[in-house]
Structure formats: structure tokens, C-alpha cells
Peer 1: 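Questions regarding the structure given below will be posed in turn.
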Amino acid sequence: QVQLVESGGGLVQAVGSLRLSCAASGRSFRSYVMGWFRLAPGKEREFVARIDWSSRGTYYTDSVKGRFTVSRDNAKNTMYLQMNSLKPEDTAVYYCAAGPSPVSYNYWGQGTQVTVSS
């Protein structure tokens with residue numbers, strides 16, 4: 001099985017930056033698609049970004065394009081989300097997920113809170 005643990009969340013002012021990390025354990029990690037999702041109060045869970053096993057393919061929701069960058073270091077079993085130019089609407093609990101394909105995320109972390117003040 002795969003276990004995922006997020007870290008790096010916190011309180012930041014608008015236009016500030018945060019870097020989230022997702023540490024993974026499990027021998028299948030290197031072949032898995034990994035992604036970030038977020039859940040804001042009163043809203044449905046939203047896809048944020050994903051990255052394939054080789055880091056050659058990355059995908060983002062329109063609202064974060066140009067501001068967020070997803071990356072992964074397979075040697076360290078870690079995925080990252082660099083968040084720049086943060087906006088109050090980015091406030092949410094951010095979750096990392098992993099699975100054999102973008103339509104099959106079988107493993108989820110516990111989430112890390114990101115709060116962006118005006």
C-alpha cells in the first residue's frame with residue numbers, strides 16, 4: 001500500500017508564496033500518477049494539478065495556471081506544489097493523491113491547510 005503525508009501549509013498574505021510537500025511510501029510510487037486537490041469551505045473538491053511518473057507531463061486547473069508548479073522527486077519519494085502569487089480564493093485544505101492513472105486515485109493524504117489573507 002501507499003501512504004501519503006502532506007506538509008507545508010500555513011497562513012500567508014495575498015501575493016505571497018508557499019511550497020507544499022507530499023511524502024510517499026510504497027514501492028509503486030515511481031510508477032504512479034500523483035496529483036493535488038483542494039477543498040474550500042462551501043465548495044466541492046477541486047482538482048489542482050497532477051504530474052505523471054516521469055515528470056514529463058503536468059496538468060493544471062485553469063485558475064492556477066502560471067502561478068502553481070507541480071514537481072516530483074522520485075528518489076526522495078516526494079511531490080511538491082510551489083504556489084506563487086497566492087490569492088484569498090486559494091484558501092483550502094490541500095490533499096495529495098496517487099494512483100495508477102488520472103481516473104484512479106487510490107491513495108490520499110490527510111490534507112494540509114492553506115490560508116491566504118487579503
Side-chain angles (χ1 to χ4, degrees):
Q1 62 179 345
V2 174
Q3 292 184 318
L4 306 172
V5 180
E6 303 96 333
S7 62
L11 175 64
V12 65
Q13 292 181 309
V15 309
S17 298
L18 284 173
R19 188 194 192 198
L20 305 184
S21 298
C22 176
S25 61
R27 65 179 184 177
S28 297
F29 171 79
R30 288 175 174 81
S31 65
Y32 276 17
V33 170
M34 297 189 70
W36 290 96
F37 295 79
R38 64 187 181 186
L39 182 62
K43 300 180 69 175
E44 295 184 347
R45 185 179 64 194
E46 178 187 26
F47 165 78
V48 177
R50 75 170 186 264
I51 187 167
D52 67 16
W53 69 272
S54 67
S55 299
R56 293 188 178 94
T58 57
Y59 309 86
Y60 302 90
T61 191
D62 287 344
S63 64
V64 308
K65 287 180 179 177
R67 300 189 298 120
F68 291 11
T69 302
V70 63
S71 62
R72 67 191 289 174
D73 185 340
N74 290 339
K76 296 181 178 179
N77 293 335
T78 303
M79 176 179 65
Y80 306 95
L81 185 67
Q82 178 66 47
M83 304 185 294
N84 298 326
S85 301
L86 283 162
K87 304 174 181 179
E89 51 263 45
D90 294 318
T91 295
V93 177
Y94 284 71
Y95 299 89
C96 64
S101 78
V103 296
S104 185
Y105 288 103
N106 297 324
Y107 305 99
W108 293 81
Q110 297 299 308
T112 185
Q113 177 71 48
V114 172
T115 303
V116 184
S117 63
S118 300

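In what follows, residues are counted from 1 in the order of the sequence shown. The figures here come from the full heavy-atom set of this structure, side chains too, leaving out hydrogens, waters and symmetry mates.
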Peer 1: Name all residues meeting the ring-ring contact (aromatic ring centres under 6.0 Å, His included) criterion together with Tyr59; count only those two or more places apart in sequence or in a different chain, and write none if there are none.
Peer 2: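 For Tyr59 there are no ring-ring contact (aromatic ring centres under 6.0 Å, His included) partners, ignoring immediate neighbours.
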
Peer 1: So, the side chain of Glu6 versus the backbone of Ser21: is there a donor-acceptor pair under 3.5 Å, distance only?
Peer 2: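 No.
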
Peer 1: Can you tell which of Asn84, Thr61, Val48 makes a side-chain contact (heavy atoms from CB on, under 4.5 Å) with Phe68?
Peer 2: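 That would be Val48; it is the only one of Asn84, Thr61, Val48 passing the side-chain contact (heavy atoms from CB on, under 4.5 Å) with Phe68.
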
Peer 1: Test: disulfide (SG to SG under 2.5 Å). Region: residues 42-78. Which pairs qualify, not counting sequence neighbours?
Peer 2: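 Found none.
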
Peer 1: Using the test side chain to side chain contact (heavy atoms under 4.5 Å, CB included), find all partners of Lys43 that sit at least two apart in sequence or belong to another chain.
Peer 2: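 Testing Lys43 for side chain to side chain contact (heavy atoms under 4.5 Å, CB included), a comparison that skips the adjacent residues, returns Ala40.
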
Peer 1: If every non-hydrogen atom of Ala24 is compared with every non-hydrogen atom of Leu4, which pair is closest and at what distance?
Peer 2: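 For Ala24 versus Leu4, the nearest heavy atoms are CB-CD2, 3.5 Å.
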
Peer 1: Sequence neighbours left out, what pairs pass disulfide (SG to SG under 2.5 Å) with at least one residue falling in residues 89-118?
Peer 2: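 For residues 89-118, and leaving out neighbouring residues, the disulfide (SG to SG under 2.5 Å) pairs sorted by first residue read Cys22-Cys96.
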
Peer 1: Distance-only, no hydrogens or angles: does the Thr58 side chain make a donor-acceptor pair with backbone N or O of Val70 under 3.5 Å?
Peer 2: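 No; zero donor-acceptor contacts below 3.5 Å.
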
Peer 1: More than 12 heavy atoms of other residues, nucleotides or ligands under 6.0 Å from CD of Gln82: is that the case?
Peer 2: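 Yes.
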
Peer 1: Would you call the rings of Phe37 and Phe47 parallel, tilted or perpendicular if under 30° counts as parallel and over 60° as perpendicular?
Peer 2: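 Rings of Phe37 and Phe47: perpendicular, over 60°.
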
Peer 1: Would you name the heavy atoms of Ser85 and Arg67 that are closest together and state the gap between them?
Peer 2: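 So the minimum-distance heavy-atom pair works out to O-NH1, 3.0 Å.
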
Peer 1: Under the rule for side chain to side chain contact (heavy atoms under 4.5 Å, CB included), what residues qualify as partners of Ser118, not counting sequence neighbours?
Peer 2: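 Listed in chain order: Pro88.
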
Peer 1: Test side-chain contact (heavy atoms from CB on, under 4.5 Å) on Leu20 and Thr112; report intermediate values, then the result.
Peer 2: CA-CA 8 Å; Leu20 305 184; Thr112 185; 4.0 Å; yes

Peer 1: With sequence neighbours left out, write down each residue that passes ring-ring contact (aromatic ring centres under 6.0 Å, His included) with Tyr95, or none if nothing qualifies.
Peer 2: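 Scan of Tyr95 (ring-ring contact (aromatic ring centres under 6.0 Å, His included), adjacent residues dropped) gives none.
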
